[in-house]
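See below for the structure under consideration.
Side-chain atoms are counted along with the backbone in the values below, which use heavy atoms only and exclude waters and symmetry mates.
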Amino acid sequence: MTLKPEELLNLAVAAAEDKKAMNVVALDLRGISLISDYFVICHGNSDTQVQSIATEIRKRVHDAGLDIRGVEGLDSARWVLMDLGDVIVHIFHRDERDYYNIERLWSDAKVVETV
């Protein structure tokens with residue numbers, strides 16, 4: 001099964017929001033970067049919440065019949081990076097999100113309103 005990039009984006013955002021991710025932002029990188037079509041950026045208030053958000057996204061992606069290309073940082077749960085192909089998910093611990101401020105690095109990208 002394949003999902004359109006927008007459907008994959010909505011799946012990831014919904015999973016993060018269901019685990020009470022904070023300040024979920026989706027950026028449209030089409031035309032700006034070849035890395036991916038979308039970034040999802042969010043944070044959790046504890047290591048446990050960061051891991052829970054990542055686990056929920058992983059579960060929903062697998063339930064949709066898709067593979068995750070890679071996951072980094074799950075053990076330390078300070079900045080988890082999930083490569084879903086057309087969508088890259090960044091799940092930060094709240095302290096690291098403020099420090100790295102990757103939204104500023106991708107300020108040319110449009111913020112996407114998700115359904």
Side-chain angles (χ1 to χ4, degrees):
M1 172 192 266
T2 60
L3 294 178
K4 294 178 184 175
E6 296 80 12
E7 294 170 326
L8 185 57
L9 171 67
N10 288 329
L11 181 146
V13 167
E17 288 176 341
D18 284 353
K19 290 300 178 178
K20 308 296 186 227
M22 306 298 295
N23 194 16
V24 180
V25 175
L27 300 177
D28 185 345
L29 300 178
R30 294 174 296 173
I32 296 173
S33 174
L34 299 176
I35 296 171
S36 183
D37 287 348
Y38 298 101
F39 271 6
V40 174
I41 306 164
C42 63
H43 72 270
N45 291 319
S46 67
D47 296 356
T48 303
Q49 186 181 18
V50 169
Q51 290 172 335
S52 177
I53 294 164
T55 299
E56 184 65 18
I57 293 170
R58 178 184 284 177
K59 177 186 175 300
R60 293 205 191 174
V61 168
H62 286 299
D63 288 351
L66 303 172
D67 292 323
I68 295 176
R69 294 183 180 181
V71 177
E72 297 290 331
L74 193 56
D75 292 337
S76 65
R78 304 305 287 181
W79 178 357
V80 177
L81 178 68
M82 303 181 79
D83 183 351
L84 310 181
D86 293 321
V87 177
I88 304 290
V89 181
H90 299 269
I91 310 164
F92 288 95
H93 189 283
R94 71 175 173 258
D95 300 331
E96 272 68 18
R97 183 163 186 183
D98 291 338
Y99 179 78
Y100 289 105
N101 193 10
I102 66 171
E103 290 99 323
R104 180 181 46 81
L105 295 174
W106 294 97
S107 61
D108 291 347
K110 294 181 209 165
V111 175
V112 178
E113 297 294 325
T114 58
V115 178

If the condition is side chain to side chain contact (heavy atoms under 4.5 Å, CB included), which residues does [X] pass it with, not counting sequence neighbours?
X     : value
Ile32 : Trp106, Asp108, Ala109
Glu6  : Lys4, Arg30, Tyr38
Tyr99 : none

At what distance, to the nearest 0.5 angstrom, does [atom1] of [X] lie from [atom2] of [Y]?
X     : Y     : atom1 : atom2 : value
Glu7  : Leu66 : CD    : CG    : 10.0 Å
Arg58 : Asp63 : CZ    : CG    : 12.5 Å
Thr2  : Asp86 : OG1   : CG    : 10.0 Å

Joint hydrophobic cluster, [X] plus [Y], side-chain heavy atoms closer than 4.5 Å:
X     : Y      : result
Val87 : Leu74  : yes
Leu9  : Val71  : yes
Met82 : Val112 : yes
Ile53 : Val40  : yes
Phe92 : Ile35  : yes

**Asked** Would Ile91 and Gln51 satisfy side-chain contact (heavy atoms from CB on, under 4.5 Å), going step by step from the backbone distance to the final call?
**Response** CA-CA 9 Å; Ile91 310 164; Gln51 290 172 335; over 6 Å; no
Does [X] use its side chain to pair, donor to acceptor, with the backbone of [Y] at less than 3.5 Å?
X     : Y     : answer
Glu17 : Val24 : no
Glu56 : Asp18 : no
Ser33 : Leu29 : no

**Request:** Would you please name every residue forming a side chain to side chain donor-acceptor pair (under 3.5 Å) with Glu103, sequence neighbours left out?
**Result:**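 Partners of Glu103 by the side chain to side chain donor-acceptor pair (under 3.5 Å) criterion, ordered by chain and then number, come out as Arg97.
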Can you name the nearest heavy-atom pair linking [X] to [Y], along with the distance?
X     : Y     : value
Leu8  : Val61 : CD1-CG2, 4.4 Å
Leu11 : Ala64 : CD1-CB, 4.0 Å
Ser36 : Gly85 : OG-O, 3.5 Å
Asp47 : His93 : OD1-CD2, 3.2 Å
Lys19 : Ser52 : CD-OG, 3.3 Å

**Request:** Give the C-alpha distance, both sets of side-chain angles, the deciding distance and a yes or no for side-chain contact (heavy atoms from CB on, under 4.5 Å) between Asp37 and Asp28.
**Result:** CA-CA 6 Å; Asp37 287 348; Asp28 185 345; 5.7 Å; no
**Asked** Do we see a donor-acceptor contact under 3.5 Å between the side chains of Trp79 and His90?
**Response**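 There is such a pair between these side chains.
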**Asked** So, Arg94 versus His43: side-chain donor-acceptor pair below 3.5 Å or not?
**Response**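 No.
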**Request:** List in chain and number order the residues that pass salt bridge (charged side-chain N to carboxylate O under 4.0 Å, His left out) with Lys110, two or more places apart in sequence or in another chain; answer none if no residue qualifies.
**Result:**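 Testing Lys110 for salt bridge (charged side-chain N to carboxylate O under 4.0 Å, His left out), a comparison that skips the adjacent residues, returns none.
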**salt bridge (charged side-chain N to carboxylate O under 4.0 Å, His left out) involving Asp83 - partner list, sequence neighbours excluded** =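 Salt bridge (charged side-chain N to carboxylate O under 4.0 Å, His left out) list for Asp83, sorted by chain: empty.
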**Request:** Show your reasoning for whether side-chain contact (heavy atoms from CB on, under 4.5 Å) applies to Ile57 and Leu84.
**Result:** CA-CA 10 Å; Ile57 293 170; Leu84 310 181; 4.3 Å; yes
**Prompt:** Any chance CG of Leu34 has more than 12 other-residue heavy atoms, nucleotides or ligands included, within less than 6.0 Å?
**Reply:**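 Not more than 12 within 6.0 Å, no.
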**Asked** For Ile41, which of Leu27, Val89, Ile88 qualifies under side-chain contact (heavy atoms from CB on, under 4.5 Å)?
**Response**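 Only match with Ile41 under side-chain contact (heavy atoms from CB on, under 4.5 Å): Leu27.
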